[in-house]
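The next block holds one structure in the form of C-alpha cells; read it before the comments.
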Amino acid sequence: MSELNTTTAPNVQPTEPMVPENAPLPPSKRPPGPWMMVWKKFSRNPFAMTGLVVLTIFILVAIFAKWIAPYDPAQIDMLGANLKPGTGDHLLGTDELGRDIFSRLVYSSQVSMTIGFSVALIAVCFGSIIGAISGYFGGWIDTLIMRIIDVMISLPSLFVNILVMAIFGTKMIYLILILALTSWTGVARLVRGQFLQLREMQYVEAAKATGVSSWGIIFRHLLRNASFPIIVNATLMVGGAILSESGLSYLGLGIQIPKTSWGQMLSNSQEFMLTNPMQAIYPGLCILIVVLAVNFIGDGIRDALDPRQKNSRRRLAKWRKNFLKSGI
Amino acid sequence: MTEYLIRRLLQSILVLFLVSVAAFALMHAAPGGPTQMMISPGLSPETAAIQKHNLGLDKPVPTQYVIWLKNMLTGDMGTTFKNNVPVGDLIWPAVKNTIILMSFSWIISLIIAIPWGIYNSTREYGLSDQTANFVTYVGFAMPAFWFGIILQEYFSLKLDWLPLSDMYSMDKQGDLGNLFMHLILPASVLILANLASYVKYSRSSMLEVLEQDYIRTARAKGVPERKVIFRHALRNALIPIITVIGLDLPILVAGATLTEKVFNWPGMGRLFVDMALAREYSVLMAITMITAVAVIAGNLIADILYKLVDPRVQLGRKGGNA
C-alpha cells in the first residue's frame with residue numbers, strides 16, 4: 001500500500017524538463033493510516049469529542065476517587081442525616097443515614113466504569129471468537145452456534161440476569177459474567193455476517209494458497225478487517241452494561257452495601273422521596289451523562305468509519321431544500 | 001407457505017424445548033438448588049427427607065425435568081412452595097395486568113412515533129428531526145426507572161395530580177377511570193423508552209424508500225408530493241417497521257419489569273422479581289416459558305406479516321441469515 005503511494009503521490013510537474021532518467025524520486029510523506037483518518041474525522045465531530053472528554057473525566061474520577069471524595073461513602077452518621085446540599089462540607093448533602101451523597105456518587109463511578117468496560121471487553125472477545133468460528137467454518141458448527149443464539153435471544157436478558165443474580169448470589173464477578181454472557185450474541189452475529197462476506201475475498205484465497213492456517217487467517221486477516229464494526233458495537237455495549245447494572249442494583253440484585261453504585265443509590269432514594277427529593281436526581285443524572293457520552297463516542301466512531309453516511313446525506317438534504325425554495 | 005410454516009413451527013418447538021432445558025438446568029445448578037430453600041433450617045433430617053420426597057426433590061434432576069415437562073404439557077404449572085398456591089392463579093392475573101400496561105403504552109407510542117418519523121423523513125435535519133434525535137439519544141441513555149421515579153416525585157408528590165403507584169386505589173378496585181389515572185405515569189415511562197427507537201426506525205425506513213427509483217418516477221410524472229409520501233412510499237416503508245415491532249415484543253415484556261417495580265404495578269415483571277427473590281422455582285419456570293413463547297410467536301408473526309404485506313419476500317431464503 002505505502003509503496004504504491006510513494007510512486008504516485010509526489011507532484012511530478014510535467015513542465016520541468018530536466019529530470020534525469022534515474023534520479024531518486026523526491027521523498028513523499030507517509031500516507032495517513034486508516035486509524036489516523038478515522039481519528040481525524042472523529043475529532044471534527046463536536047458531540048463525539050464532548051463525549052470523549054466527559055468519559056475521560058468520569059474515568060479519572062473513578063481512578064482518583066480516594067482523593068476526590070471528601071468522606072468515606074459507607075460512613076454512617078445518624079446525627080448528620082438528611083442534610084441540605086451545601087451544609088458544612090457536604091457538597092450535595094447527606095442521605096437518610098448521614099452518608100455523604102457526593103462521596104457516594106464519586107465511588108459509584110468506579111463500579112459503573114469497571115462493569116461497563118469489563119463486560120464490553122469480555123462480551124466482545126467471546127462474541128467475536130464465536131462469530132468468527134461460525135462465519136469462517138460454516139457447516140454444522142455454524143448451525144449449532146446459531147441455534148444456541150436462537151435459544152439465548154428467546155429469553156429476555158433482564159430475566160436471565162435477575163434469575164442468576166437471585167439464585168447464585170449478588171457478587172460483583174457474577175454480575176460482570178452474567179451481563180457479558182447475555183450480551184455477546186449481538187457481536188457474534190455481527191462478526192459472523194462480516195466473515196461470511198470477507199471469507200470470499202481474494203486475499204483469503206491468497207493466504208490459504210500460501211499455507212496460512214485457518215486460525216492465522218481468522219486472527220491476522222479477517223478479524224482485523226472486521227475490527228471497525230466490532231469497535232462500534234463494543235462502545236455501545238459499555239453504555240448498555242452500565243444501564244443494566246443500574247437496573248439490577250435498583251432491584252437489589254446488583255451491587256450491595258457497603259459498596260455503592262448509582263442504581264443502588266436510586267433504590268434507596270425512592271423510599272425517602274418525601275424527605276429528600278433531590279437524592280433521586282443525582283445518581284440518575286450521572287448514569288444519563290455517562291451513557292450519553294459513551295453513545296456519542298460510539299456514534300462518532302461509526303460516522304467516522306462510514307464514508308457514505310451522514311455528511312453527504314446532510315449536504316443532499318440542504319441542497320434539496322434550497323432547490324425547493326428557489327421555486328424552479 | 002404451508003411448508004415454511006410447518007418448518008418454522010417445528011423449529012420453534014425445538015427452541016422452546018431447549019429454552020426449558022436451559023432454564024431448568026440453570027435453576028438446579030444453583031448451590032443448594034431449590035432444595036435448600038424449601039427445607040426450613042429447624043427441621044430434623046428425617047422430616048426434611050420426608051418433605052423433600054413429598055416435593056419430589058429427592059429424584060435426580062433429569063427425572064424432575066421429565067415430571068415438570070409432563071405436568072406443563074397437561075397445563076399443570078405446579079404450586080408454589082410457600083402456601084401451596086397454584087401457579088396459574090398467580091400468573092394469569094399478572095399477565096393480564098402486564099398486557100394492559102404494555103398494549104396501552106405500545107399503541108400510543110406507535111400512534112406518535114410513526115407519523116413523527118414520516119414527517120421527519122420529509123424534512124431531514126429540520127427542527128422536528130433534531131428534536132426527535134435528541135429524544136432518541138436521551139431515551140436510549142436514560143435508565144427508564146429513574147425517569148419513573150422523577151415522574152413520581154413531580155406529578156404525584158409535588159403536584160398531587162396522579163396516583164403514586166399500584167393499579168387501583170384501595171376503594172376503587174375495577175374502576176376504569178381509576179385504572180386510567182394509574183396507567184398514565186408508568187405508560188409515559190414506557191412510551192418514552194419505545195418512542196426513541198420507533199421514530200428512528202420509521203424515519204430511516206421511509207428515507208430508504210424515498211431514495212428508490214419508483215419514487216423519483218412518481219415525482220417526475222407529476223404525482224403530488226402528498227400522494228407520493230402516503231400512497232407510494234409509506235406502504236413500502238411500513239414493511240420493515242412491522243418486523244422491527246414484532247422483534248421488539250420480548251424487549252417490551254422484560255422492559256416493563258423495572259417500570260412495574262417502580263410503580264408497584266402487579267404485572268409479570270414484578271412477579272418475576274419477587275419470585276426470584278423468594279426462589280419460587282415453579283413460578284419462575286412458568287414465567288420464563290410464557291415469555292419464551294411470546295418471543296418466538298412474535299418473531300413468527302412478524303415473519304408471516306412480512307410475507308403477507310409484501311408478496312415479493314421469499315420466506316426461508318433470507319440469504320446468510322439462516
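What's counted below: heavy atoms across the whole structure, side chains too, no hydrogens, waters or symmetry copies. Chain naming here is simple, since letters A, B, ... match the order of the sequence lines and numbering starts at 1 in each. Computed from a predicted structure; not experimentally measured.
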When the 4.5 angstrom heavy-atom criterion is applied to B:I149 and chain A, the contacting part is both
Interface check, chain A: of B:Q11, B:M142, B:M275, most non-hydrogen pairs under 4.5 Å belong to B:M142
Review point. When the ring planes of B:W68 and B:F24 are compared, do they come out parallel, tilted or perpendicular, using 30° and 60° as the limits?
Key: tilted
Exercise. Answer yes if the side chains of A:T260 and A:S108 hold a donor-acceptor pair under 3.5 Å, and no otherwise.
Key: yes
Self-check item: Aromatic ring proximity A:F47/B:Y137, centre distance under 6.0 Å
Solution: no
* Fit a plane to each ring of A:F168 and A:Y174, take the angle between them on a 0 to 90° scale, and name the class: parallel (under 30°), tilted (30 to 60°) or perpendicular (over 60°). => perpendicular
Turns out that what part of A:L266 lies under 4.5 Å from chain B's heavy atoms comes down to both
(request) Scan side-chain atoms only and decide if B:S204 and B:E208 contain a donor-acceptor pair under the 3.5 Å cut-off. (result) no
Cut-off 4.5 Å, heavy atoms of chain B, and the answer for A:I148 is neither
Highest number of heavy-atom pairs under 4.5 Å with chain A among B:L18, B:V293, B:I296, B:V262 belongs to B:V262
Counting heavy-atom pairs under 4.5 angstrom with chain B, the leader among A:L155, A:I242, A:L292 is A:L292
Exercise for the section: Might you work through the side chain to side chain contact (heavy atoms under 4.5 Å, CB included) test for A:I153 and A:R189, ending with a clear yes or no? Expected result: CA-CA 12 Å; A:I153 55 179; A:R189 292 174 120 194; 3.9 Å; yes
The interface call for A:I281 against chain B, heavy-atom contacts under 4.5 Å, is both
If you tally heavy-atom pairs under 4.5 Å between each of A:V160, A:L253, A:I287, A:T143 and chain B, the highest tally belongs to A:I287
